[in-house]
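Computation of the quantities below employed the complete heavy-atom set of this structure, encompassing side-chain atoms and omitting hydrogens, waters and symmetry-equivalent molecules.
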Amino acid sequence: MKRISFQGAPGANSDEACRTYFPDYEPVACATFEEAFEAIKSGDCELGMIPVENSIAGRVADVHHLLPSSGLKIVGERFKPIRFQLMANKGVKLGDLKSVASMPIALAQCRRTLKPLNLAFESFGDTAGAARALAEHPNPTKAAVAPALAAELYGLDILMRDIEDEAHNTTRFYVMAREAVAQDPDIDCVTSFVFRVRNIPAALYKALGGFATNGVNMTKLESYMENGVFAATMFFAEIDGRPEDHNLALAFEELQFFCDHFEVLGTYPADPFRAANAAS
């Protein structure tokens with residue numbers, strides 16, 4: 001069976017995404033993003049499922065720093081609705097609970113629903129890990145917030161379902177591979193890339209002008225610091241289209257004139273979620 005790596009404990013949202021979108025692949029849990037990338041690079045896994053942004057929490061900062069140096073390519077994107085469950089050991093009732101453990105970001109995304117229970121929040125490294133710890137060390141006064149898969153894997157009871165405060169809570173994942181994949185020219189694609197402009201006045205303004213004059217739709221532009229250097233900012237961007245498109249090729253040519261670093265991280269099919277979400 002082919003394998004797909006993800007960061008987190010078995011039962012995490014990334015694990016659910018692997019099982020949903022690649023049911024013929026064996027999910028491989030990795031403690032860190034670096035290990036998830038290395039599993040692909042070494043050939044231990046054919047693919048990786050890497051979260052890059054959440055509709056509530058924003059971008060996953062670690063991933064932006066790791067992508068350019070990973071040597072891997074983005075070959076797909078998947079959007080997964082995030083659903084959190086309140087779970088506890090078998091036989092435990094809601095009234096027995098005194099505390100709940102999970103990632104701080106997960107607890108924050110369920111705060112309004114959990115508030116009436118008056119539970120103390122306990123931080124944990126990841127959602128599924130909190131569920132696993134509860135299974136390994138049963139406690140009738142403790143609960144965990146994690147995906148439904150974690151309750152199934154660790155033998156916990158779900159006491160409250162879908163407790164996230166916002167129904168639109170969605171995480172976007174990149175599907176990573178060692179090599180780029182040729183795309184059907186008849187399907188809509190997204191291209192992700194990074195660049196660093198030269199340290200001259202109005203360099204960013206001039207570098208981006210080609211996208212406007214050539215009618216290229218830029219859907220994302222984010223900056224981040226590289227190696228602690230304040231004078232040189234890296235930019236992560238995404239556009240509709242593929243590098244071989246005539247208008248995008250012209251825009252990239254103009255961009256590179258004002259850059260001292262430019263790298264395409266991947267061109268991949270636009271997930272149908274994009275169009276469906278825009279229509280709604």
Side-chain angles (χ1 to χ4, degrees), residues 17 21-22 37 40-41 46-55 58-60 63-80 170-198 200 202-224 226 232-280:
Y21 295 112
F22 293 92
F37 283 134
I40 310 167
K41 293 168 66 175
E46 284 76 16
L47 300 175
M49 183 72 74
I50 306 298
V52 290
E53 57 188 335
N54 176 268
S55 60
R59 72 182 183 184
V60 181
V63 173
H64 285 68
H65 288 278
L66 292 171
L67 276 172
S69 61
S70 70
L72 302 175
K73 292 298 183 181
I74 306 168
V75 297
E77 65 172 355
R78 299 292 186 273
F79 291 82
K80 180 186 183 300
T170 302
T171 293
R172 181 186 178 216
F173 292 84
Y174 283 150
V175 182
M176 308 295 300
R178 288 185 296 279
E179 303 290 341
V181 176
Q183 303 299 337
D184 185 335
D186 295 325
I187 63 175
D188 293 334
C189 282
V190 176
T191 295
S192 299
F193 60 99
V194 292
F195 65 95
R196 183 178 57 237
V197 295
R198 292 190 284 126
I200 59 176
L204 180 60
Y205 174 81
K206 295 173 182 176
L208 297 181
F211 295 97
T213 56
N214 288 286
V216 176
N217 184 34
M218 180 172 286
T219 57
K220 179 182 293 296
L221 178 65
E222 298 179 341
S223 63
Y224 64 95
E226 183 185 35
T233 299
M234 289 290 291
F235 291 91
F236 177 88
E238 292 184 338
I239 49 84
D240 292 340
R242 62 198 81 213
E244 56 267 31
D245 294 343
H246 179 67
N247 57 340
L248 181 51
L250 293 175
F252 274 167
E253 182 180 358
E254 189 165 339
L255 171 75
Q256 291 178 75
F257 183 79
F258 297 100
C259 293
D260 58 21
H261 178 79
F262 168 78
E263 180 183 358
V264 173
L265 301 178
T267 298
Y268 45 93
D271 190 288
F273 178 91
R274 287 175 175 270
N277 193 52
S280 62

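Scanning all heavy atoms of the two residues, the minimum distance from Cys189 to Arg242 falls at SG-NH2, 3.4 Å. A pairwise comparison of heavy atoms in Val75 and Met176 identifies CG2-C, 4.3 Å as the closest pair. Contact record, Val216 with Ala251: CG2-CB, 4.2 Å, taken as the closest heavy-atom pair. Pairing each heavy atom of Pro243 with each of Ala249, the nearest pair is O-CB, 3.6 Å. For the pair Asn247 and Gly215, the tightest heavy-atom approach, listed with the atom from each and the gap, is ND2-O, 4.0 Å. Of all heavy-atom pairs between Val194 and Pro68, the closest is CG1-CG, 4.0 Å.
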What verdict does the side chain to side chain contact (heavy atoms under 4.5 Å, CB included) test give for Asp271 and Arg172, after you've listed the backbone C-alpha separation in whole Å, the side-chain angles of each residue and the deciding distance to 0.1 Å? CA-CA 10 Å; Asp271 190 288; Arg172 181 186 178 216; over 6 Å; no
Would you please test Lys220 and Glu77 for salt bridge (Lys or Arg N to Asp or Glu O under 4.0 Å) and show each step? CA-CA 14 Å; Lys220 179 182 293 296; Glu77 65 172 355; over 6 Å; no
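Not less than 6.0 angstrom separates the ring centroid of Phe258 from the ring centroid of Phe195. Phe193 has its ring centre less than 6.0 Å from the ring centre of Phe252.
Rounding to the nearest 0.5 Å gives a distance of 11.5 Å between CD of Gln183 and CG of Asp188. Rounded to the nearest 0.5 Å, atoms CD1 (Ile74) and OG1 (Thr191) are 9.5 Å apart. Residue Glu222 holds its CD atom at 5.0 Å from CZ of Arg59, rounded to the nearest 0.5 Å. Taken from CG in Leu248 to OG1 in Thr267, the straight-line distance is 8.0 Å, to the nearest 0.5 Å.
In this structure, the side chains of Leu67 and Tyr174 come closer than 4.5 Å at one or more pairs of heavy atoms. Counting only heavy atoms from C-beta outward, the side chains of Met234 and His261 approach each other to under 4.5 Å. When side chains are defined from C-beta on, Phe22 counts as touching Arg78, because their heavy atoms get closer than 4.5 Å. In this structure the side chain of Ile40 never reaches within 4.5 angstrom of the side chain of Glu46, judged on heavy atoms. A heavy-atom distance below 4.5 Å is not found between the side chains of Val181 and Tyr268. The shortest side-chain heavy-atom distance between Thr219 and Asp240 falls under the 4.5 Å cut-off.
Between Phe273 and Phe79, the ring planes lie parallel to each other; the angle is under 30°, not in the 30° to 60° tilted range.
Counting non-hydrogen atoms of other residues, nucleotides and ligands closer than 6.0 Å to CD of Glu253 gives a total of 12 or fewer. Few gaps surround CD on Glu244; more than 12 heavy atoms of other groups in view lie less than 6.0 Å from it.
The residues Arg198 and Asp260 are annotated as not salt-bridged, no charged nitrogen and carboxylate oxygen being separated by less than 4.0 angstrom.
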